[in-house]
There are 2 protein chains.
Amino acid sequence: MSDGPQAQTGQSLLFLTDEQLRKGIEAMFFAYRGFTADPDRILAEKSYGRAHHRAIHFIHRSPGTTVNNLLSILGVTKQSLNRVLRTLIEDGLVASTVGQKDKRERHLHLTADGAELERALSDAQRDRMRAAYRKVGPDAVAGFRQVLEAMMDDQTRHHFEAMKERTE
Amino acid sequence: MSDGPQAQTGQSLLFLTDEQLRKGIEAMFFAYRGFTADPDRILAEKSYGRAHHRAIHFIHRSPGTTVNNLLSILGVTKQSLNRVLRTLIEDGLVASTVGQKDKRERHLHLTADGAELERALSDAQRDRMRAAYRKVGPDAVAGFRQVLEAMMDDQTRHHFEAMKERTE
DNA sequence: CTTGGAAAGTCAATAAAGCTGACGTATTGT
DNA sequence: ACAATACGTCAGCTTTATTGACTTTCCAAG
């Protein structure tokens with residue numbers, strides 16, 4: 001699998017042509033679409049959308065998070081998140097409990113059903129990612145992660161780093 | 001910048017934990033959002049959306065492409081694409097010409113104005129990607145591209161490969 | 001203890017972008 | 001001649017987002 005001039009190492013990257021960059025842009029577009037395809041199918045069956053998936057994902061990763069916190073991570077408006085959150089709570093996938101220290105806050109957790117759905121969704125994505133990782137090897141994976149982090153907004157990277165520290 | 005256990009090379013990848021995979025999933029989410037943020041701002045000014053961006057991008061990359069071809073690349077319905085295409089043609093960014101060989105086909109091209117907008121949009125993304133590439137170096141970039149390609153659907157990768165061959 | 005502001009929830013209106021289904025027209029190919 | 005293809009379009013629907021305005025509850029500072 002020859003990968004074109006940009007894989008020749010070192011020097012060639014100093015001549016980053018628009019064409020090479022454009023291919024990176026497209027790879028990002030196509031890969032992201034493939035990346036969301038599996039969960040989308042599962043979600044469609046339950047008539048949920050990506051918004052629900054994102055909420056479930058971040059509640060799973062940060063149990064007890066507040067609505068405001070979720071808002072700043074997801075970068076959407078309160079109204080948008082609330083519509084999603086309401087259906088998840090009604091359907092018994094997410095539990096909302098009043099804060100002990102600050103009673104204005106609601107702390108969000110996944111219920112057993114919610115955790116089950118989270119599992120199904122992330123299994124699908126993990127399988128795809130695991131397959132990709134296995135295919136290309138650890139060095140490529142390290143590079144992948146480095147580029148992704150470098151492409152994030154500063155504020156976004158801050159969210160990401162903060163969560164990394166919690167678990168790594 | 002230590003990058004956790006998965007950067008330790010070789011062996012560690014055989015123990016791909018769910019946590020490590022989940023971080024890859026999130027990095028993908030955050031990076032994609034950062035990646036589309038710049039063009040989104042430009043598009044919002046002209047009251048266009050991402051759908052317009054995608055159409056412009058692929059018409060630029062494959063000048064003279066037909067509607068059906070664009071449909072299969074973008075993976076949307078005829079009606080969805082048509083709504084976007086109509087506004088682009090009305091606004092004078094895209095030209096649609098009747099096919100010479102097969103007069104049922106319409107061949108799509110960017111006008112001067114269309115090319116100008118394409119340039120503005122891709123410049124924003126290229127700058128971000130160039131910055132990321134410069135930051136992490138050529139080996140990481142090669143790995144990045146390899147993982148992205150490995151994550152695509154087979155059919156999608158076929159689109160991507162086909163276009164690669166045209167230019168590389 | 002009052003009051004300002006923060007956290008959350010909600011109502012209404014709007015928009016972008018996708019979908020399905022049904023049709024019509026021009027053109028091609030069998 | 002006739003079926004199939006490529007395109008365009010009409011109508012109606014859904015999801016996901018937006019903004020603006022408002023209420024309730026609650027914390028904390030003056």
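Heavy-atom basis, side chains included; hydrogens, waters and symmetry copies ignored. A note on names: the letters A, B, ... follow the listed sequences, proteins ahead of strands, and every chain is numbered from 1. Predicted model, so just to flag it, every value in this text is computed and none were measured.
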- Residues which pass side chain to side chain contact (heavy atoms under 4.5 Å, CB included) with B:His60, listed by chain and number, not counting sequence neighbours: B:Leu110, B:Glu118

- At under 4.0 Å between heavy atoms, which parts of nucleotides 25-30 of chain D does protein reach? Answer with one letter per nucleotide, 5' to 3': B base, S sugar-phosphate only, - none. BBS---

- Does A:Asn82 place a side-chain N or O at less than 4.0 Å from the phosphate oxygens OP1/OP2 of C:dA8? no

- Message: Looking at D:dT5, I'd like to know if its phosphate oxygens (OP1 or OP2) sit under 4.0 Å from a side-chain N or O belonging to B:Asn68.
- Response: no

- Message: Could you tell me how far apart A:Leu74 (CG) and D:dT18 (P) are, to the nearest whole angstrom?
- Response: 10 Å

- Among pairs that include at least one residue of residues 93-104 of chain B, which meet salt bridge (Lys or Arg N to Asp or Glu O under 4.0 Å), considering only residues two or more places apart or in two chains? B:Asp102-B:Arg104

- A:Glu105 CD - C:dA7 C1' separation (whole Å): 7 Å

- Return yes if some donor-acceptor pair links the side-chain N/O of B:Arg33 with the main-chain N/O of A:Leu74 below 3.5 Å, else return no. yes

- Which word best sums up how the rings of B:Phe144 and B:Tyr133 line up, parallel for under 30°, tilted for 30 to 60°, or perpendicular for over 60°? perpendicular

- Would you mind listing every side chain to side chain donor-acceptor pair (under 3.5 Å) that reaches into residues 105-116 of chain A, with sequence neighbours excluded? none

- Positions of residues 39-46 of chain B (non-hydrogen atom under 4.0 Å from DNA chain C), listed by number: none

- Return each pair, listed once, that meets side chain to side chain donor-acceptor pair (under 3.5 Å) where at least one residue sits in residues 70-79 of chain A; pairs must be two or more places apart or across chains. A:Thr77-A:Ser80

- Residues that B:Arg157 engages under salt bridge (charged side-chain N to carboxylate O under 4.0 Å, His left out), provided they are two or more places apart: B:Asp154

- Rounded distance in Å - CG (A:Leu71) to C1' (C:dA7): 10 Å

- Message: Please encode protein proximity along nucleotides 17-25 of chain C as a string of B, S and -, counting only heavy-atom distances under 4.0 Å.
- Response: BBBBBB---

- Message: Once salt bridge (charged side-chain N to carboxylate O under 4.0 Å, His left out) is applied, do any residues pair with B:Arg54, and if so which ones, sequence neighbours excluded?
- Response: none

- How long is the line joining CG of A:Leu85 and C1' of D:dA17, in whole Å? 16 Å

- Quick one: ring-ring contact (aromatic ring centres under 6.0 Å, His included) partners of B:Phe35, sequence neighbours excluded? none

- Task: State which residues pass side-chain hydrogen bond (donor to acceptor under 3.5 Å, both in side chains) with A:Tyr48; sequence neighbours excluded, sorted by chain then number.
- Result: A:Asp91

- For A:Thr36, which residues count as a side chain to side chain contact (heavy atoms under 4.5 Å, CB included) partner, sequence neighbours excluded? A:Tyr32, A:Asp40, A:Arg50

- Note on the structure: Whole-Å distance, A:Ile89 CD1 to C:dA8 P, equals 12 Å

